[in-house]
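The figures here come from the full heavy-atom set of this structure, side chains too, leaving out hydrogens, waters and symmetry mates. Counting starts at 1 for both ligands and their atoms, in listed order.
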Amino acid sequence: MNVQEIMNSLEAKHPGEKEYLQAVHEVLESVKDLYNENPQYQAAKIIERVVEPDRILTFKVSWLDDKGEVQVNLGYRIQFNGAIGPYKGGLRFHPSVNLSILKFLGFEQIFKNALTTLPMGGGKGGSDFNPKGKSDAEIMRFCQAFMLELWQLIGPDTDVPAGDIGVGGREIGYLYGMYKKLAKEHTGVLTGKGSGWGGSLMRPEATGYGDVYFAQEMLATKGDSFKGKIVAISGFGNVAWGAAQKATELGAKVVAISGPDGYVHIPNGMTNEMIDYMLELRASNNDIVAPMAQEFQGVTFHAGKKPWELKVDIALPCATQNELNGPDAQKLVDNGCILVGEGANMPSTEEAIDIFLKNKILFSPGKASNAGGVATSGLEMSQNSARYNWSAEEVDAKLHRIMKDIHAACVKYGTQPDGYVNYVKGANIAGFVKVADAMLDLGVI
Ligand code: NDP
């Protein structure tokens, strides 16, 4: 495989899809040596096939807002690769959503899902709908209109969407309600459901907890732990709050959380009272970050800034793609940061990753360290199929086990001759081998 040739051909076919091309480039760089040593992959054109989605559905979503005005959004579902199981991946509702972003997320999802050890293929979907500032009734009408188009493509054994940015428990509820009405069935077609109607306990906190469990494993390779560590986290959404809660529980001091408009510095560390306060604001669709400084003494808001300027031991980027760039990475390294554990998908730019790897700090890519969310979704699918519920302790124990296994797979494939673990390479190779071997077994389809 010649990475540059493949990238040139993809750029010609998909001009301007920068996030998608970035994600593909990262994986190809990691797997190229293994690929070139395995002629069976080349003969079956695994790379040429894995970089293109199986299919993409694009549709129009028309709905009425509270003033009775017609609104029109775009909806998408990308079924990227189903070699190892039903397509699985979240729905993102955010004005920035476009095909490039969903293709990058779907592509990443293939290898992430493979890493979980559960039988799930990769998919992603969403809409450019902006849930911010919308009433509950508007969110419901939008979700119903979205599902009216999507339902025929998905199913508990074909494609199982979940949440992502802008899609939490409330949206999953409205989407599931409409699916149930149309399909006339009560099955595990969506994950992230309410625990009273088929959802798995622990799913809301699973991605953040998993991110911290993975970081715990990385620290353990150095004989270290979270105890007493200073931690900065970005965002305060589905992923970030779980990470903040678990890191605090393990004895770390979480000194920053952020939003698109800036970050709050909490010199004495977050308390459970602060976490509860922010969860309340979040549930009521209010701004979360800036009000923290008014509510709690000693907390300061830094408008337009990122938490990566602080002197911290651990950084957990949990907000969005490309939120941590080269200069941010350099600042973290210069300030003595020892670990960066991605909770979001591709939050670090390629330049930032190069800096982390060059300086040999512990760095985990999202497809490994945020896989706890989809892994718990996989557990939810199992519970739905079996018509059974595990306790929170059982789910947490399985999640913890899966994160340890993913860490072990990264170490197996990513350890360099000098002993440094390149988790990016390890995750990409471990995920790729599983999918590529399944594609070989299934023939050219
Ligand atoms: P949410 O929408 O729940 O949370 C995102 C948070 O990040 C919000 O607080 C948002 O603020 C904030 N934010 C957005 N842009 C920025 C920015 N540029 N700088 C700082 N903060 C910002 O999304 P999720 O927590 O679900 O997802 C976060 C990331 O994790 C995404 O990359 C997603 O793909 C990934 N992920 C999510 C999983 C899940 O289980 N939900 C599973 C695996 C990965 P505001 O609301 O004000 O915009």
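Between N345 and the options E19, Q321, R92, K112, a side chain to side chain donor-acceptor pair (under 3.5 Å) holds for only K112. Among K124, R77, K88, the one residue that satisfies the salt bridge (Lys or Arg N to Asp or Glu O under 4.0 Å) test with D159 is R77.
From the protein, the heavy atom lying nearest to atom 48 (O) of ligand 1 is K132 NZ, 3.1 Å. Regarding atom 9 (O) of ligand 1, its nearest protein heavy-atom neighbour is F236 N, 2.9 Å. Given atom 35 (C) of ligand 1, the protein heavy atom at minimum distance is N345 ND2, 3.7 Å. In terms of protein heavy-atom proximity, atom 12 (C) of ligand 1 is nearest to G235 CA, 3.8 Å. For atom 27 (O) of ligand 1, the closest non-hydrogen atom of the protein is I165 CG1, 3.6 Å. For atom 37 (C) of ligand 1, the closest non-hydrogen atom of the protein is V239 CG2, 3.4 Å. Of the protein's non-hydrogen atoms, N238 ND2, 2.8 Å is the one closest to atom 26 (O) of ligand 1. The protein non-hydrogen atom at the shortest distance from atom 28 (C) of ligand 1 is A319 O, 3.1 Å.
Taking every heavy atom of C318 and a limit of under 4.0 angstrom, the matching atoms of ligand 1 come to 28 (C), 29 (C). Heavy-atom contacts of A344 reach the following atoms of ligand 1: 29 (C), 30 (O), 32 (O), 35 (C) (cutoff under 4.0 Å). Close approach to G343 involves these atoms of ligand 1, each under 4.0 Å from a residue heavy atom: 30 (O), 44 (C). Within ligand 1, counting atoms from 1 as listed, the ones closer than 4.0 Å to a heavy atom of G166 are 2 (O). Counting atoms of ligand 1 from 1 in the listed order, those under 4.0 Å from a heavy atom of G237 are 1 (P), 3 (O), 4 (O), 6 (C), 9 (O), 25 (O).
Two rings, from Y174 and F142, have their centers 6.0 Å or more apart. Ring centers of F129 and W63: under 6.0 Å apart, within the cut-off. Ring centroids of F146 and F59 are separated by less than 6.0 Å, placing the two rings close together. Two rings, from H407 and Y423, have their centers less than 6.0 Å apart.
Of all the heavy atoms of T207, the ones lying under 4.0 Å from any atom of ligand 1 belong exclusively to the side chain. No part of K367 comes within 4.0 Å of ligand 1, judged by heavy-atom distances. Contacts of H94 with ligand 1, taken as heavy-atom pairs under 4.0 Å, are absent altogether.
Within the 4.0 Å heavy-atom shell around ligand 1 one finds R282. The shell of residues lying under 4.0 angstrom from ligand 1, judged by heavy atoms, excludes M346. The shell of residues lying under 4.0 angstrom from ligand 1, judged by heavy atoms, excludes S234. Within the structure, the closest approach of R92 to ligand 1 falls below 4.0 Å when heavy atoms are considered. Not a single heavy atom of K306 sits closer than 4.0 Å to an atom of ligand 1.
Proximity of a side-chain donor or acceptor of E342 to a complementary backbone N or O of L316 within less than 3.5 Å is not detected. In terms of modelled atom types and a separation under 3.5 Å, the side chain of Q216 and the main chain of S225 share no donor-acceptor contact. Proximity of a side-chain donor or acceptor of S258 to a complementary backbone N or O of P307 within less than 3.5 Å is not detected.
For atom 16 (C) of ligand 1, the nearest non-hydrogen atom from the set P260, G126, G208, P204 belongs to P260. In the candidate list D164, T320, N322, I233, T320 is nearest to atom 18 (N) of ligand 1, counting heavy atoms. Residue G259 holds the heavy atom nearest to atom 20 (C) of ligand 1 of all those in G210, S96, A162, G259.
Residue-environment remark: NZ (K193) exceeds the threshold of 12 foreign heavy atoms within 6.0 Å.
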Going through the distances and angles, do H186 and Y179 end up as a ring pair (Phe, Tyr, Trp, His ring centres under 6.0 Å)? CA-CA 9 Å; H186 215 313; Y179 178 87; 10.0 Å; no
Test salt bridge (charged side-chain N to carboxylate O under 4.0 Å, His left out) on K103 and E17; report intermediate values, then the result. CA-CA 9 Å; K103 278 172 70 180; E17 294 189 2; 2.7 Å; yes
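In terms of heavy atoms, A206 sits closest to L399 at O-CD2, 3.8 Å.
With salt bridges taken as basic N to acidic carboxylate O contacts below 4.0 Å, none links E11 and K18.
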